[in-house]
Protein chains: 2
Amino acid sequence: MQQSFMPEIAVCDCESIHEDVVAAVRGQLPEEDLMIDMAEAFRIFGDSTRVRILFALKAHEMCVCDISVLLGMTKSAVSHQLRILKQVNLVKYRKVGRVVYYSLADEHVKTIFSACMEHVMED
Amino acid sequence: MQQSFMPEIAVCDCESIHEDVVAAVRGQLPEEDLMIDMAEAFRIFGDSTRVRILFALKAHEMCVCDISVLLGMTKSAVSHQLRILKQVNLVKYRKVGRVVYYSLADEHVKTIFSACMEHVMED
DNA sequence: TTTATGGTTGAACAACTGTTCAACTGTTAG
DNA sequence: CTAACAGTTGAACAGTTGTTCAACCATAAA
């Protein structure tokens with residue numbers, strides 16, 4: 001969701017110094033909604049608990065209890081994060097009796113993780 | 001950064017149901033620090049203001065004033081975000097008189113944005 | 001020197017976020 | 001049925017975050 005107390009009208013406190021550049025760049029910017037969606041997607045990955053859960057599920061399908069033990073967290077904390085990952089379709093689940101098995105929903109995660117890992121490694 | 005009131009000892013509230021799976025996955029997980037660094041990197045991209053600034057700089061080098069006008073934000077707000085992007089080496093700058101020109105520091109941003117854009121597009 | 005302006009900075013504030021806790025649901029075992 | 005347990009959920013709380021505001025620094029123009 002982001003900070004949602006943005007001003008209704010976009011206001012800045014100066015005149016543009018290079019109007020030509022601003023006009024040109026304005027023409028090249030992606031749709032506002034796309035940039036917001038991208039930020040939203042990145043935000044999901046911007047928490048180490050969620051990253052750890054995703055790496056775990058990348059290795060193997062697991063139930064909440066197992067993830068809980070693996071990461072040393074309560075089932076509740078894990079469940080809350082799984083709900084977020086489920087909402088954005090990054091993980092899926094199947095129920096077997098009282099046990100719920102979670103797994104990655106698609107291959108995107110792996111692609112994005114690889115691209116990011118290179119970036120992190122370089123610094 | 002992150003939430004820093006984590007418990008000293010990792011505690012969970014159950015026994016593992018599939019010990020073999022947990023053991024196997026534990027062996028495949030990346031270093032804890034790597035996962036934290038990855039989350040940290042994603043966190044930077046997880047804000048639409050920063051994403052918009054990066055897209056703008058991807059198109060052309062710009063001064064704070066121009067970005068300010070382009071995005072309809074105060075110079076202060078832009079400057080604060082540029083400081084964050086500077087700290088993690090995503091943008092660099094050069095001064096000409098009182099004007100500070102910002103630009104992307106490397107090609108990583110473009111790679112990561114491309115990978116993410118595909119993901120966002122699909123939904 | 002004085003004034004104006006591009007840009008930075010730190011404090012303050014409201015909104016947001018992740019974990020904890022307790023209560024709860026649903027399924028299995030006795 | 002009852003007890004146990006995997007998992008979920010919502011409220012509460014402390015910590016974090018982004019924008020605003022005011023003060024400030026540095027350079028350029030007058």
Side-chain angles (χ1 to χ4, degrees), chain A residues 1-18 22 36 39-40 42-53 62-69 71-87 91 93-102, chain B residues 1-18 36 39-40 42-53 62-69 71-88 91 93-102:
Chain A
M1 297 291 138
Q2 293 276 119
Q3 302 289 101
S4 52
F5 59 101
M6 294 182 189
E8 279 69 26
I9 311 161
V11 199
C12 77
D13 53 355
C14 60
E15 301 286 309
S16 166
I17 300 177
H18 312 83
V22 173
I36 291 174
E40 182 66 14
F42 280 125
R43 199 177 57 76
I44 300 294
F45 293 109
D47 173 76
S48 61
T49 295
R50 287 192 290 269
V51 167
R52 293 196 302 154
I53 290 177
M62 281 195 288
C63 69
V64 177
C65 224
D66 290 338
I67 300 173
S68 198
V69 172
L71 305 184
M73 303 178 62
T74 61
K75 286 180 294 183
S76 176
V78 171
S79 182
H80 276 298
Q81 295 307 327
L82 283 170
R83 187 173 54 82
I84 293 173
L85 294 173
K86 202 166 36 178
Q87 278 172 350
V91 304
Y93 66 96
R94 65 187 179 93
K95 289 187 181 181
V96 177
R98 350 174 235 207
V99 182
V100 182
Y101 294 95
Y102 282 88
Chain B
M1 313 290 145
Q2 291 279 111
Q3 301 290 100
S4 51
F5 58 101
M6 294 181 188
E8 278 69 29
I9 309 161
V11 199
C12 77
D13 52 356
C14 61
E15 300 286 308
S16 168
I17 300 176
H18 311 84
I36 290 174
E40 181 67 13
F42 281 125
R43 200 178 55 76
I44 299 295
F45 292 108
D47 173 75
S48 61
T49 295
R50 287 192 289 270
V51 168
R52 294 196 302 155
I53 290 176
M62 281 195 288
C63 69
V64 177
C65 223
D66 290 338
I67 300 173
S68 198
V69 172
L71 305 184
M73 304 178 63
T74 61
K75 287 178 293 183
S76 176
V78 171
S79 183
H80 276 300
Q81 295 306 329
L82 283 170
R83 186 173 55 82
I84 293 173
L85 295 172
K86 201 166 37 179
Q87 277 172 351
V88 296
V91 303
Y93 64 96
R94 66 186 179 93
K95 289 188 181 178
V96 177
R98 329 173 254 204
V99 182
V100 182
Y101 293 94
Y102 281 88

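Letters A, B, ... mirror the listed sequences (proteins, then strands); counts begin at 1. Predicted, not measured: the structure shown is a model, and the values here were computed from it.
- Listed nucleotides C:dT8, D:dT19, D:dT17 differ in distance to B:Ala77; the shortest reach to its side chain belongs to D:dT19.
- Regarding contacts with the backbone of D:dT19, a side-chain N or O of B:Gln81 is found under 4.0 angstrom from either OP1 or OP2.
- Contact annotation: the side chain of A:Ile67 approaches that of A:Leu82 to within less than 4.5 Å [non-hydrogen atoms, C-beta and beyond].
- Look at CE on B:Met62: it is 16 Å from P on C:dG6, rounded to the nearest Å.
- The closest side-chain heavy-atom distance from A:Gln81 to A:Arg52 is not below 4.5 Å.
- For A:Ile84 and D:dG10, the CD1 to P distance is 13 Å, given to the nearest whole Å.
- In this structure, CG of B:Asp66 is placed 8 Å from P of C:dG7, rounded to the nearest angstrom.
- We find that NZ of A:Lys75 is positioned 16 Å from P of C:dT25, with the value rounded to whole Å.
- Across the interface with DNA chain C, nearest-nucleotide mapping of A:Gly97 and B:Ser79 shows B:Ser79 to be the residue nearer the 5′ end.
- Closest non-hydrogen pair, A:Val51 versus B:Ala39, comes out as CG2-CB, 3.8 Å.
- Proximity of B:Arg50 to the phosphate of D:dG18: a side-chain N or O atom is located under 4.0 Å from OP1 or OP2.
- Contacts of A:Leu82 with the nucleic acid, taken as non-hydrogen atoms under 4.0 Å apart, are absent.
- D:dT17 atom P lies 13 Å from atom CZ of A:Arg43, rounded to whole Å.
- Between the base of C:dG10 and the side chain of B:His80 there is a donor-acceptor pair shorter than 3.5 Å.
- You'll find the side chain of B:Cys12 stays beyond 4.5 Å of the side chain of A:Lys75, heavy atoms only.
- Contact annotation for B:Tyr102: backbone-only contact, meaning every heavy-atom pair under 4.0 Å involves sugar-phosphate atoms and none involves a base.
- Within 4.0 Å of A:Tyr101, counting heavy atoms only, lies no atom of the nucleic acid at all.
- Here the P atom of nucleotide D:dA23 and the CG atom of A:Asp13 are 16 Å apart, to the nearest Å.
- Summarising the geometry, the separation between CD on B:Glu15 and C1' on D:dA6 is reported as 13 Å, rounded to the nearest angstrom.
- Rounded to a whole Å, the CZ atom of A:Arg83 is 15 Å from the C1' atom of C:dT20.
- For B:Thr49 and D:dG18, the shortest distance from a side-chain N or O to OP1 or OP2 is not below 4.0 Å.
- Considering only the side chain of B:Ile17, D:dA6 comes nearest among C:dT19, C:dT8, D:dA6.
- The base of C:dT9 sits with one of its N or O atoms less than 3.5 Å from a complementary donor or acceptor on the side chain of B:Ser76.
- Of the side-chain N and O atoms in A:Arg98, none sit less than 4.0 angstrom from OP1 or OP2 of D:dT8.
- Note that NE2 of B:His80 is 9.0 Å distant from CD1 of B:Ile84, once rounded to the nearest 0.5 Å.
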